[in-house]
Amino acid sequence: MRLRMPAPAAALALAAVLATAPACDNPSAPRGAPAPTPTATSPVPATGSYAGPVDVGGGRTLFLRCAGSGSPTVILESGLHDSSDTWTFTDTRPPVPKSPAVLPGVAAFTRVCTYDRPGTVRYAEPLALTTRSTPVKGTRSLSAMVADLDKLLTAARLPGPYLLVGHSVGGMITRLYAQQHPGKTAGLVFVDSFGTDLRPLFGTEWPAYVHLLNHPGTPFDARPEFEVLDIDGAIDAVDDAQPLPVVPMAVLSKTEPFGAPPGAPKALLGTLERAWPTVQRTLVGLGSQTPQYLATGSDHYVQVHDPDLTISAIRLVVGRMPRPGTPPGQGPGQGPGQGPGQGPGQGPGQGPGSR
């Protein structure tokens with residue numbers, strides 16, 4: 001299923017060429033572009049709205065957008081080639097409500113932030129590469145992207161631990177961040193995310209798929225600052241890192257095919273569609289009692305087509321996070337040796353005097 005919102009022909013054309021693969025399946029431009037980029041660095045407030053650059057060192061800044069208040073801080077990580085815009089608009093049909101989008105929806109109950117990685121696409125009119133974050137040329141490693149995220153969170157003084165929400169290849173970034181910084185990770189939500197087991201499922205077609213991910217045929221492909229990722233190195237980095245911390249998780253998965261432009265290699269797309277459910281089941285198996293939400297009627301952009309479902313999954317993981325001071329292995333609202341809803345000495349489903 002393709003995105004349903006009206007958009008200029010140029011936006012639709014770009015969406016078509018990017019829609020071939022999950023890491024770069026991009027929605028068309030929303031009506032009403034985001035506000036112009038602020039030109040001066042300013043402190044990030046502890047609560048309320050912020051949209052501006054944050055100095056991450058080395059002469060570089062990253063554009064950060066935050067809203068809401070409370071804890072935990074939720075970090076929204078976009079897919080390959082996508083700027084932070086995809087968390088700020090919707091493309092829905094009844095009964096899914098048009099608003100709120102994910103970022104303002106999460107801001108209604110906790111602090112939430114998102115940011116532009118260098119070389120990613122802005123969904124303004126006309127479409128363009130972001131200029132809100134300092135450009136970086138050449139192929140990037142997943143470790144470098146994770147390092148950028150950690151520098152940003154530190155420089156912005158955003159309090160952790162964080163609930164990390166990753167869409168598509170953004171799920172690889174949040175996954176490696178959690179592996180490298182377990183003490184800073186409170187929960188994970190994978191939004192139709194890319195998985196390390198996709199490589200063996202493609203077999204001999206894998207090199208062609210990797211090329212398609214990084215060179216999807218956009219007007220920006222030849223730009224030296226266009227985001228390009230070492231996909232094989234990214235998979236190796238996740239596979240070689242320490243296990244994920246024991247934190248609550250959730251997985252959201254599409255049910256409709258990836259969008260495909262005319263001329264896309266059908267055999268490659270067929271392999272992708274057959275492999276994707278396996279990848280999603282593997283993500284579910286990364287944690288204990290991890291729920292999987294099937295976004296019925298949605299393609300790869302679950303956060304755009306089903307923002308309310310995405311917000312609900314984030315809220316569920318927030319609710320499953322231990323409260324501050326809770327001993328390890330003890331769930332929210334539990335005392336020592338108690339299960340959820342149990343009093344001292346009670347088993348599941350027992351109240352005082354129950355047998």
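For this chain, numbers begin at 1 and follow the sequence in order. These numbers come from a predicted model, not from an experiment. Side-chain atoms are counted along with the backbone in the values below, which use heavy atoms only and exclude waters and symmetry mates.
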> What residues form a side-chain hydrogen bond (donor to acceptor under 3.5 Å, both in side chains) with Asp150, not counting sequence neighbours?
Replying inline: Tyr177, Lys184
> Are Lys266 and Glu273 close enough for a salt bridge, meaning some N to O gap below 4.0 Å?
Replying inline: no
> Is any NZ, NE, NH1 or NH2 atom of the basic residue among Asp197 and Arg281 found under 4.0 Å from an Asp or Glu carboxylate oxygen of the other?
Replying inline: no
> Any sub-3.5 Å donor-acceptor pair from Thr174's side-chain atoms to Val165's backbone N or O?
Replying inline: no
> Would you say the side chain of Phe258 lies within less than 4.5 Å of the side chain of Asp299, judging by non-hydrogen atoms?
Replying inline: no
>> Within the 4.5 Å heavy-atom criterion, are Phe194 and Val238 side-chain neighbours or not?
In response: no
> Without hydrogens or angle criteria, can the side chains of Thr88 and Asp85 be said to hold a donor-acceptor pair below 3.5 Å?
Replying inline: no
>> For a 4.5 angstrom cut-off between non-hydrogen side-chain atoms, does Met172 reach Leu229?
In response: no
> Val74 and side-chain contact (heavy atoms from CB on, under 4.5 Å): which partner among Thr110, Val189, Leu103?
Replying inline: Thr110
> With a 4.5 Å limit on heavy-atom distance, are the side chains of Lys254 and Gln280 in contact?
Replying inline: no
> So which pairs with a foot in residues 109-153 pass disulfide (SG to SG under 2.5 Å), sequence neighbours left out?
Replying inline: Cys66-Cys113
> Under a 4.0 Å N-O cut-off, is there an ion pair linking Arg117 with Asp148?
Replying inline: no
>> Less than 4.5 Å apart, side chain to side chain, heavy atoms only: is that true for His167 and Phe190?
In response: no
